[in-house]
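Order of the sequence lines sets the chain letters (A, B, ...), proteins ahead of strands, with each chain counted from 1.
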2 protein chains.
Amino acid sequence: MAALTDPQAAAWNSYQRMRVRLSGVLGRELAAATGLSEADFEVLVAVNERPDDTVRSLALRCGLEWEKSRLSHQLRRMEQRGLITREACEEDSRGSAVRLTARGRELACEARKHYDAAVKRYVMDSLTPEQIAALTEISGILLDRIEITHK
Amino acid sequence: MAALTDPQAAAWNSYQRMRVRLSGVLGRELAAATGLSEADFEVLVAVNERPDDTVRSLALRCGLEWEKSRLSHQLRRMEQRGLITREACEEDSRGSAVRLTARGRELACEARKHYDAAVKRYVMDSLTPEQIAALTEISGILLDRIEITHK
DNA sequence: ACGTCAAGGTTGACGCATCAACTAATCTGG
DNA sequence: CCAGATTAGTTGATGCGTCAACCTTGACGT
């Protein structure tokens with residue numbers, strides 16, 4: 001006896017295919033338009049949302065919900081490419097602060113435009129408002145489910 | 001002017017968070033239960049569905065919709081860990097055939113049980129049949145959209 | 001036949017993600 | 001004030017995914 005019914009398996013299969021293809025095209029378009037990866041993009045946008053384009057690593061990490069080593073590796077690569085700089089943190093000398101370079105700031109804006117446009121084009125323009133609401137609701141339910149069972 | 005309206009941005013944000021967390025927990029549970037990655041799992045299941053647990057690399061690649069180098073790297077790792085073997089292909093001497101080892105076959109079944117149960121537990125048990133149908137429909141629409149614009 | 005081109009597959013390099021081990025600074029109980 | 005436990009962040013190893021370069025073999029037009 002299978003664990004999933006036919007409609008359930010169909011839902012899972014199409015979700016999986018969609019998920020893979022969608023993040024594929026979005027990542028590819030972002031890279032083509034700006035040279036950034038999705039990881040770069042997430043960091044740039046998160047930092048750019050802060051006053052002075054500066055944020056402490058810890059706050060960034062919590063906002064992104066990333067592992068600390070992941071953020072550390074990512075910031076190292078971004079620093080090498082001149083997207084950010086890192087400076088000491090006053091309140092806690094263990095910590096560090098991340099600041100966008102001029103180039104980082106510029107790319108953050110550019111990338112956001114491209115990315116949002118792509119999301120609109122591939123996703124939002126294809127769905128009815130009801131479907132968009134359904135997607136929000138479904139995602140919220142599943143998120144809650146995961147949070148609860150892993151609390 | 002933002003490219004996305006508020007409900008659209010909300011939908012995208014919750015979808016993204018859900019997507020990341022869901023594949024996180026599923027991958028983690030699979031690894032904990034069987035020691036397999038999701039990539040391993042996909043390959044094992046795809047091969048296990050074939051008669052004789054054997055399939056040509058090309059067919060596998062098309063079924064999975066993977067890049068050829070990705071499959072090659074993955075098969076190398078799986079061969080090293082004793083999950084599959086590779087042999088020459090009769091019809092086309094450029095090609096190669098993939099066969100499950102006894103251990104691969106066993107793990108494929110084991111993993112499928114665990115994985116399907118986890119999908120049921122995290123996803124299907126949380127959603128109404130209408131929501132499951134909505135998810136199928138939405139995914140199908142987005143898939144079509146991507147296929148059409150990239151044809 | 002034969003030359004050219006396309007296709008199947010491998011390889012190496014690089015970025016991304018996770019895990020475990022480590023350093024250094026802060027917090028906390030006594 | 002100090003010893004032990006936490007916490008911020010780094011590092012190295014390893015697996016995953018993509019790209020570009022490459023090799024071999026088959027396909028096809030002439």
**Asked** Is the phosphate of C/dA17, meaning OP1 or OP2, less than 4.0 Å from a side-chain N or O of A/R70?
**Response** yes
**Message:** Whole angstroms only, please: what is the CZ-P distance between A/R86 and D/dA8?
**Reply:** 16 Å
**Request:** Starting from the C-alpha separation in whole Å, work towards a yes-or-no answer on side chain to side chain contact (heavy atoms under 4.5 Å, CB included) for A/R86 and A/R76.
**Result:** CA-CA 9 Å; A/R86 280 191 280 190; A/R76 174 179 40 76; 3.8 Å; yes
**Prompt:** Would you say B/W66 and B/L58 are hydrophobically clustered, going by side-chain heavy atoms of ILVMFWY under 4.5 Å?
**Reply:** no
**Fill in**
When rounded to whole Å, the CZ to C1' distance for the pair B/R77 and D/dG15 reads 6 Å
**Asked** How many Å lie between CG on B/L60 and C1' on C/dG8, as a whole number?
**Response** 13 Å
**Under-4.0 Å side-chain N/O to phosphate OP1/OP2 contact, A/Q74 with C/dG15** = no
**Request:** Ignoring the backbone of A/L58, work out which of D/dG17, C/dG9, D/dG9 is nearest its side chain.
**Result:** D/dG9
**Asked** How would you label the contact of B/E38 with the nucleic acid (heavy atoms, under 4.0 Å): base, sugar-phosphate, or nothing?
**Response** nothing
**Asked** Closest heavy-atom contact between A/A111 and A/T34?
**Response** CA-CG2, 3.8 Å
**Complete:** Rounded to whole Å, the CG-P distance (A/D92 to C/dT23) equals 19 Å
**Prompt:** Is A/S69 touching bases, backbone alone, or none of the nucleic acid, heavy atoms closer than 4.0 Å?
**Reply:** base
**Prompt:** Looking for any heavy atom pair under 4.0 Å, which part of the strands does A/R76 touch: base, sugar-phosphate only, or nothing?
**Reply:** nothing
**Request:** Check the angle between the aromatic planes of A/Y15 and B/Y15 and answer parallel, tilted or perpendicular using the 30° and 60° thresholds.
**Result:** perpendicular
**Prompt:** Between C/dC14 atom P and A/L36 atom CG, what is the distance in whole Å?
**Reply:** 20 Å
**Asked** Separation of A/E91 atom CD from C/dT26 atom C1', in whole Å?
**Response** 13 Å
**Request:** Return the value, rounded to whole Å, for the distance between atom NZ of A/K68 and atom P of C/dC16.
**Result:** 21 Å
**Asked** Considering only heavy atoms and no angle criterion, is a donor-acceptor pair shorter than 3.5 Å present between the side chain of B/H73 and the base of C/dG12?
**Response** yes
**Prompt:** Could one point to a donor on the side chain of A/R94 or the base of C/dA24 with an acceptor on the other under 3.5 Å away?
**Reply:** no
**Request:** Give, for atom CD1 of A/I84 and atom CG of A/D53, the distance between the pair rounded to the nearest 0.5 Å.
**Result:** 12.0 Å
**Message:** If you assign B/L71 and B/S93 each to the DNA chain D nucleotide with the nearest heavy atom, which residue ends up on the more 5' nucleotide?
**Reply:** B/L71
**Message:** Between P on C/dG8 and CD on B/E67, what's the gap in Å once rounded to a whole number?
**Reply:** 14 Å
**Message:** Any base atoms under 4.0 Å from B/S72, or only sugar-phosphate, or nothing? Heavy atoms, all strands.
**Reply:** base
